[in-house]
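Below is one structure, written out as structure tokens; the observations come after it.
Counting convention: from 1, in listed order, for ligands and their atoms alike. Fair warning: this is a prediction, and the values are worked out from it, not measured in the lab.
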Amino acid sequence: MRDAYLDRRGEPPRVVARAPGRVNIIGEHTDHSGGLCLPLALDLSTWVGVGPAHGASDTVASDLEDGVVHHDPATQRVGGWSAYVAGVLWAVRRTCEVPPVHVEVVGKVPVGAGLSSSAALTCATAVAVHAWTGGRLDEAVRDALVEIAVAAESVYVGAPTGGMDQAVALHGVPGTALLLDFATGTREPVPCTPDEDGFVLLVLDTRTRHTHTTGEYGDRRALCASAAALLGVPHLSAAAGLPSSALAGLPGPERAAARHVLGENARVRATVDCLAVRDWHGVGMLLTASHASLRDELKVSCPELDLAVATADRAGALGARMTGGGFGGCALALVPKGRSADVEQAVTEAFAAAGHRPPHVFPVVPGARAEVVLAPGPGPT
Ligand code: GLA
């Protein structure tokens, strides 16, 4: 980051921050419905360097996409990935003065893969800009930066997000998954170290890309909201308190969405119980059940994800599921260490036979939350 910044700007960055992507173990399409989820911070991050723009407007540059993008949000239409940076600056400036800034981005989280490269970018930008303005990074500030990152994505970029990705990017703890309850706003680290018992979490990146600015993610959220409204509850997870017959009166798609959210919340609780006693076979079964619900009830999977999950299960995984918003991106498989080469080979062969692009398979372990990597020198003034 220092070199990239120095090459482009002729001076080092004043601040560098890092934020991780995430992989969600279970609890998918529940955060927007007051539910539970269990993500972990990835050991892959995005780095953001910040310094003075030395001009009237902000500048943003990156190696995120092919080639280098240089962007000036003040004078050009803001689109693509740089809108996420511009969105954070917009959200921060609602309460705090920030002089024109140069933002340099080096991203190591695969983009559009369902691993939350967008939250890694918004959270790293928020942490860096906050540090540059002289702010410290305590727990309350981390919560405020989650809100800034969410606002940047949902309001400024127009890519709705439920808040799971930003919460784990700013609060994830190595060696643990983070149990998030979106009804109460609480979070709790849950130890998650499959490697100590001879298992590995493998990401199966289908390399089919998704974008949440297209409507499908929003459509599913709207379906969940509509089911909640019809049931007269503030969010779908609150329907757990209704008699089971209540769902019967819903139209088919809303009923299926309700079954997914309520079932998925129960699966998150069961997964936490399994993790407490290191019952990895139990976790695996819950992963596969979650995938079936996302595929059949909420209908957010796609043929590549279904093939990756089914093939991994057949090749020796304890269980597998799509992870993230869906419609492409990555699956996650829980695999005995000795079988991970078999799973990789089987998925690669199945993709070749189906005419899909070769998948990218790699192990993940729970990584560390966002942090300031290079502390601020002289402030923005
Ligand atoms: C995307 C959103 C998250 C969450 C997941 C689905 O990643 O950003 O908030 O809703 O989809 O679980």
Practice item. Just jot down the ligand 1 atoms closer than 4.0 angstrom to any heavy atom of Thr161, in number order. Key: 2 (C), 8 (O), 9 (O)
Review point. Do Arg9 and Glu104 sit within salt-bridge range, that is, some charged N less than 4.0 Å from a carboxylate O?
Key: no
Review point. Linking Ile, Leu, Val, Met, Phe, Trp and Tyr by side-chain heavy atoms under 4.5 Å, what else ends up with Val261?
Key: Leu230, Leu231, Val233, Leu236, Leu242, Leu247, Leu250, Leu262
Check your understanding: Quick one: which ligand 1 atoms are inside 4.0 Å of a heavy atom on Asp31?
Key -> 3 (C), 4 (C), 9 (O), 10 (O)
Check your understanding: By side chain to side chain donor-acceptor pair (under 3.5 Å), which residues pair with Ser301, not counting sequence neighbours?
Key -> Asp306
Check your understanding: For ligand 1, which atoms have a heavy atom of Gly163 less than 4.0 angstrom away?
Key -> 9 (O)
Exercise for review: Say whether Asp165, considering both its backbone and side-chain N or O atoms, lies within less than 3.5 Å of an N or O atom on ligand 1.
Suggested key: yes
Check your understanding: Short list, please: which atoms of ligand 1 are under 4.0 Å from a heavy atom of Arg22?
Key -> 7 (O)
Study note, to complete from the structure: Result for side chain to side chain contact (heavy atoms under 4.5 Å, CB included) between Leu40 and one of Leu332, Leu201, Val365 points to Leu201
Exercise for review: Heavy-atom contacts with Gly162 under 4.0 Å: which atoms of ligand 1 show up? List them by number with element.
Suggested key: 3 (C), 9 (O)
**Study point:** Side-chain ion pair, Arg369 and Glu139, N-O less than 4.0 Å
**Key:** yes
**Study point:** Side-chain ion pair, Asp296 and Arg259, N-O less than 4.0 Å
**Key:** no
Check your understanding: Short list, please: which atoms of ligand 1 are under 4.0 Å from a heavy atom of Glu28?
Key -> 5 (C), 6 (C), 12 (O)
